[in-house]
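Below is one structure, written out as structure tokens; the observations come after it.
Predicted model only: the values in this text are computed from it and were never measured. Order of the sequence lines sets the chain letters (A, B, ...), proteins ahead of strands, with each chain counted from 1.
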Number of protein chains: 2
Amino acid sequence: MPSNPDRRRLLADAGLRVLAEHGARGLTHRAVDAGAGVPAGTASNYFRSRDALLGALGERIMERFAPDEKVIAELGAREPGRDLFVDYLRYIVERTTRQPELTRALIELRLEAARRPGLAEILGGTLRRGYAGDVAFHATTGLAGGPFEIALLHYALDGLLLDMLTTSIGADADPDDVVAAFVDRLVV
Amino acid sequence: MPSNPDRRRLLADAGLRVLAEHGARGLTHRAVDAGAGVPAGTASNYFRSRDALLGALGERIMERFAPDEKVIAELGAREPGRDLFVDYLRYIVERTTRQPELTRALIELRLEAARRPGLAEILGGTLRRGYAGDVAFHATTGLAGGPFEIALLHYALDGLLLDMLTTSIGADADPDDVVAAFVDRLVV
DNA sequence: CAGAAACCACTACGGCTGTTGTAGTTTGAA
DNA sequence: TTCAAACTACAACAGCCGTAGTGGTTTCTG
């Protein structure tokens with residue numbers, strides 16, 4: 001089991017792409033090889049089992065979702081308040097919908113984790129950390145609301161993303177409007 | 001391709017169970033046979049291809065999600081207002097979380113539909129109809145809000161369900177409280 | 001520079017999958 | 001009752017899957 005980090009990352013990213021594009025069913029070692037443009041057998045060398053492959057994707061996807069430090073610094077420098085919070089959430093939605101395949105892969109992984117304790121541990125840890133981080137960030141804005149309100153927002157945003165990225169219920173509301181409504185009504 | 005409706009339903013229900021329990025990857029003709037307790041090859045006789053099988057699941061799942069006529073009549077007889085609406089939503093959440101495997105299967109199908117136009121048509125139709133129905137029901141309650149607010153609720157509830165049924169973000173809020181908060185803040 | 005360790009490309013295998021075909025059996029109409 | 005149509009059980013095929021193993025090559029270390 002080689003540990004070359006560059007190749008590992010390359011393979012994991014290809015795996016996420018495959019997972020989003022062809023679903024859990026299409027995620028095979030050989031498909032990852034093809035997607036990464038490496039010789040057949042390479043993914044199998046790095047991730048000796050399917051569990052290992054999924055675990056690696058679960059770890060990698062959170063690195064990929066990590067927000068741009070520069071943007072966070074920029075937002076952190078602004079005046080706390082409602083507008084900042086809306087922009088923060090819009091940044092989340094924008095970042096996730098700009099890479100729809102990544103978000104779709106995350107949903108696939110969350111479903112898969114419901115059946116794989118090992119994956120659940122990896123994914124659950126980072127998801128919880130993300131939620132805790134949002135609670136902390138929100139606290140700095142001085143806005144009303146606490147952990148409960150952030151949870152509401154999380155649920156609401158995830159539902160919106162699910163609708164945007166999969167078969168929609170067909171309400172043609174502007175995502176930006178939806179986000180603004182969530183913030184204004186759920187938190188502020 | 002036989003058309004025996006009873007057997008068809010039996011097989012589709014088994015398929016939904018398999019889909020929820022083992023994911024898209026585990027959904028095979030033979031697994032459906034085993035789950036339904038019928039001889040190997042039966043599912044293959046009824047659904048000649050994997051596409052046909054998924055399409056049948058997409059149609060069947062909406063029948064399964066159809067609300068109990070009696071409950072709807074009961075709710076319809078009550079005084080319109082906020083409490084009625086909360087109870088209506090709680091009924092939705094209760095009905096979907098009481099059969100978690102069915103809801104999980106729906107999420108799997110929605111993901112799958114993102115890649116299969118045929119399935120998307122089947123699933124999209126019924127999802128849109130469900131949304132339209134909710135808009136119509138809401139109109140009868142005389143509460144504030146319109147289609148936009150119902151869309152917000154739909155997104156929010158789907159997100160809550162996703163969290164409850166897959167790897168959670170770990171905010172330990174009571175689902176009943178969350179539902180009540182969604183209604184009170186998003187609509188009323 | 002020499003040797004060992006890590007990495008890489010490739011192969012092999014048993015098992016499962018989608019799909020099709022084909023006999024036997026039941027059902028229902030004439 | 002008769003006979004065709006529908007249904008059922010079963011088998012077979014090629015192809016892909018996870019996994020493990022094996023030499024050759026590169027890279028690091030002393």
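Side chain of A/P2, nearest nucleotide from D/dC17, C/dC8, D/dA9: C/dC8.
Look at CG on A/D6: it is 18 Å from P on C/dA6, rounded to the nearest Å. Summarising the geometry, the separation between NE2 on A/H29 and C1' on C/dC8 is reported as 16 Å, rounded to the nearest angstrom. Here D/dT8 presents its C1' atom at 14 Å from CG of B/L10, a figure rounded to the nearest Å. For A/M1 and C/dC7, the CE to P distance is 10 Å, given to the nearest whole Å. Distance CG (B/D51) to C1' (C/dT19): 13 Å, rounded to an integer number of Å. Taking atom CG of A/N4 as the reference point, atom P of D/dT27 lies 11 Å away to the nearest angstrom.
Of the charged side-chain nitrogens involved, at least one lies within less than 4.0 Å of a carboxylate oxygen, so that B/E63 and B/R60 count as a salt-bridged pair. The existence of a salt bridge linking B/R116 and B/E112 is confirmed by a sub-4.0 Å separation between a basic side-chain nitrogen and an acidic carboxylate oxygen.
Near DNA chain C, meaning a heavy atom under 4.0 Å away, the residues from residues 43-50 of chain A are A/N45, A/Y46.
Of the residues A/L160, A/T96, A/T103, the one that meets the side chain to side chain contact (heavy atoms under 4.5 Å, CB included) test with A/L165 is A/T103. Tested against B/L153, the residues B/F182, B/F148, B/Y131 include a single side chain to side chain contact (heavy atoms under 4.5 Å, CB included) partner, B/F182.
Judged by the 6.0 Å distance and 45° axis criteria, A/R95 is positioned over the aromatic ring of A/Y91.
Contacts of A/L27 with the nucleic acid, taken as non-hydrogen atoms under 4.0 Å apart, involve only primed sugar atoms and P, OP1 or OP2.
Applying the 4.0 Å criterion to OP1 and OP2 of C/dC8, one finds that A/T42 has every side-chain N and O outside that range.
Ring pair A/F137/A/F85 is parallel by interplanar angle, where below 30° counts as parallel and above 60° as perpendicular.
When each of A/R25 and A/R30 is assigned the nucleotide of DNA chain C with its nearest heavy atom, A/R30 is the one assigned upstream, toward the 5' end.
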